[in-house]
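The next block holds one structure in the form of structure tokens; read it before the comments.
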Amino acid sequence: MDLFNAIIQVLDSTIRLSVPLLLACLAGLYSERAGIFDIGLEGKMLVGAFAGAASASVFHSAYIGLGMAILISVAFALIHGFASITHRGNQIVSGVAINFIAAGSTIMLGQAWFQQGGRTPALASDERFGAIIWPGADAVRSVPILGPIYSELISGHSVLVYVAFLAVPFTWWVLFRTRFGLRMRAVGENPAAVDTAGISVAWLRYRALICTGVLTGIAGAYLSMVQNGGFVKDMTAGKGYIALAALIFAKWKPVNAMFACLLFGFLDALSIRLQGTPLPLIGKVPVQLMQALPYILTVILLAGFIGKAIPPRAGGVPYVKER
Amino acid sequence: MAQAAIELIGINKSFGAVRANRDINLEIARGTIHGIVGENGAGKSTLMSILYGFYQADSGEIRVGGQPASIKSPNDAIALGIGMVHQHFMLVDNFTVLENVILGAESDALLKKSIAKARSELERLEREYGLEVDPDAIIEELPVGLQQRVEILKALYRGAEILILDEPTGVLTPAEADHLFRILRQLKEQGKTIVLITHKLREIMAITDTVSVMRQGTMVATRETTKTTVGELAELMVGRRVLLRVEKGEAEAVGVKLAVRNLTVKDSRGVTMVDNVSFDVRAGEIVGIAGVAGNGQSEMLEAISGIRRAVSGSVMLDGKPIDLTGAADPGELRDRGLAHVPEDRHHVGLVLAFEENENSILGYHDDPRYVKGPFLDIDAIRDDARDKISKYDIRPADCRLKTANFSGGNQQKIVLAREMEQDPGVLIVGQPTRGVDVGAIEFIHKRLIAMRDQGKAVLVVSVELDEIRSLSDRILVMFAGRIVGERGPEATEGELGLLMAGVEHREAAE
Ligand SMILES: Nc1ncnc2c1ncn2[C@@H]1O[C@H](COP(=O)(O)OP(=O)(O)OP(=O)(O)O)[C@@H](O)[C@H]1O
Ligand SMILES: [Mg+2]
């Protein structure tokens, strides 16, 4: 029974840890499917996290926090669009610049506004997104096996967790069942085809980037207002890059993205759980190794185990009609 | 004269310093097929892209059906009933036929309804025009002929009354081209207006009612097709008399330069593309490989020139073997005097983002003529490029221009100039005049024959029978990966056509 509880706990934290990855990964999916590489997921999450926590603590409302997180993150996505769509700049350079601006400005503004060494004030419980307890969760807790699964794994998460997982089928539906999705996929493959079909390439790509901004905003809000009770500098800690790895891993498909993020979340949860516990045969595993595991896994798997990952063909190339 | 479907009045368009269209006037009657011919870079594609709203004219007026029209985007053109099949297809390769057809013309925000509607509409179009294609096939798995059909369906689905086709037959086999022309005639009978750009004057004579000639951005003449000749059109295009069939003397073939023995090549799926092929090319002769596209010619060229791995067989260059295991280094082959003009210039022959002069030495950048110590000798390279530009009449004559900004035919000349001017012992050329105008064809043919007369061995692969017959001293016909016959240059078109269709081959096998 102990083992079962341990497994439930690891799975529970797997869900919690994979949520920001999943949101960021889906965010990247929108932009890359439309042909815009986005290295700046990390930065957009970070500004989202900061804007969310800062405004939640100032206005004492989690929802205002979430709204601001999305707003600022979308604004950064539009800056990326302005540089790379309107001005046909290099998408990698623009993305990296956004990450730098995000890292620097959040610390600077945080210090200037709150004087807590770049942190935002600790959020009170009504300024955060609390857990939603599903009906009957407490009643069934003692039922063996199914009880803990329902009450721990399914019930008891914040609303943003459910949003993240609902975003998976929703994204799939948008991508493969709607006109917008068809056009977005087309513009990532062959913008000239979209252009000659009488659709504006730029406007289509901007709309995809807005979707990206919304999702990274939610991801940021999750970090600072659910996982943590406030903003801490550099709190994204490379999650934007892991999300990109997951996206490649998932071959730019939403359902695959969910599994990839769950896998990375699971490794993360496992590494926390196993800290200091000796494993049979191997003995004590250094924490660093466990933490590096997602990256090592990505490299190994991309090196041939998942087959060829073919990115959207027009990805990274600005659309130029008249040279 | 019937009412005009399209009137273009005083159209001007420049790309930077290049004046692609100057003061163009053109009137096309409703329900006719109108041909446009002109040299490479004459501005044909540009003019039609302006009509289609893809480019904006700098000045000028467009009237559609007698009404002044403002065409600011392809959307406006589509709304006015104008459809266009571009020189380079505008399809999303990993989409299905249906998805490509509805893209931009979806009837509903959800795909399901749009697709259902398109499916029944496609069935109707298929029945009406004989435009059969599997609506659920993925574009990249279709042969180019069918991809083009999808482009036509796209235009018809959008209700096109005026259909522009930019060099539609450049990539088609003769049978596919015939089918296309049947469709075009049928569309014309239904009252649709068709504009056809092509370099093949024979096609102009066969199908058009009227024809216009463009030269260096201007419209130089418009004729009724029945009142003109191929010779006159060629002369109008180039501004001088053109030899449609280049004169050449008897070949004086001597020793074997290139010997291919039992060559077998498989493609990436493991299908045998070249099947036990053997032949020789001697110094001082041109050997032409005829065949319908896709019968293994491309794979054979790639294997000989060291780009593709062969399964078995051997190739001897000047009596010494070429490594066919995939380790062959095209650079080494170049040093040994084998030059190769690849079929697919865009992907294999050129770096489109480079300047012209850089492409004109691509692969020869180690040559002592172009280097100074560890550095490239930029001045020498540019002088050399200017030299080739004037010799091969590459336009615009600017060696600093990005290669992507040259028209298709001029890009072709850049590659040919590079490979021919290296003075190789063996020259292998795939589709030497694909997409090239008559003036340039004459020039390229003359150069190839001149190389032959200097004692070089020349191997030409072309899907154009006319070209094979006028160039070759010996013709080998390829069918299904095998060489099914050898003929002299006096072979008739019918005879070669039968071989190419595999008829005699099958009879022999029975
Ligand atoms: N997008 C572009 N940007 C810059 N220059 C261009 C562009 N498109 C065409 N040009 C230039 O305009 C001129 C006309 O080109 P266009 O493609 O209309 O020729 P064309 O008559 O269709 O030739 P071809 O028979 O080779 O297709 C050429 O000199 C070409 O280099
Ligand atoms: Mg053209």
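The figures here come from the full heavy-atom set of this structure, side chains too, leaving out hydrogens, waters and symmetry mates.
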*Which bit of B:His88 comes within less than 4.5 Å of chain A, counting heavy atoms only: side chain, backbone, both or neither?*
neither
_Return the CD1 to CG distance between B:Ile139 and B:Asn100, rounded to the nearest 0.5 Å._
4.5 Å
*Quick one: list whatever passes ring pair (Phe, Tyr, Trp, His ring centres under 6.0 Å) with A:Trp134, sequence neighbours left out.*
A:Tyr162
_Top of B:Glu99, B:Lys112, B:Lys154 for chain A proximity - count of heavy-atom pairs under 4.5 angstrom_ = B:Glu99
*What's the spacing between B:Glu356 CD and B:Asn410 CG if we round to 0.5 Å?*
9.5 Å
*Is the closest side-chain donor-acceptor distance between B:Asp166 and B:Ser45 under 3.5 Å?*
yes
*When only heavy atoms count and the cut-off is under 4.5 Å, which of residues 175-188 of chain A reach chain B?*
A:Phe176, A:Arg177, A:Thr178, A:Arg179, A:Leu182, A:Arg183, A:Arg185, A:Ala186
_With chain A as the partner, which of B:Asp108, B:Asp93, B:Ile115 has the greatest number of non-hydrogen pairs under 4.5 Å?_
B:Asp108
*So, do A:Phe129 and A:Tyr63 have ring centers that fall under 6.0 Å from each other?*
yes
*Is the centre of the A:Phe82 ring less than 6.0 Å from the centre of the A:Tyr206 ring?*
no
*Start with the C-alpha distance between B:Asp58 and B:Ser14, add both sets of side-chain angles, then the distance that settles side-chain contact (heavy atoms from CB on, under 4.5 Å), and finish with yes or no.*
CA-CA 7 Å; B:Asp58 300 335; B:Ser14 301; 3.7 Å; yes
*asked:* Using ring centroids (six-membered ring only for Trp), state whether A:Phe249 and A:Phe264 fall under 6.0 Å.
replied: yes
*Under 4.5 Å, counting heavy-atom pairs only, tell me which of B:Val92, B:Asp76, B:Ile78 racks up the most with chain A.*
B:Val92
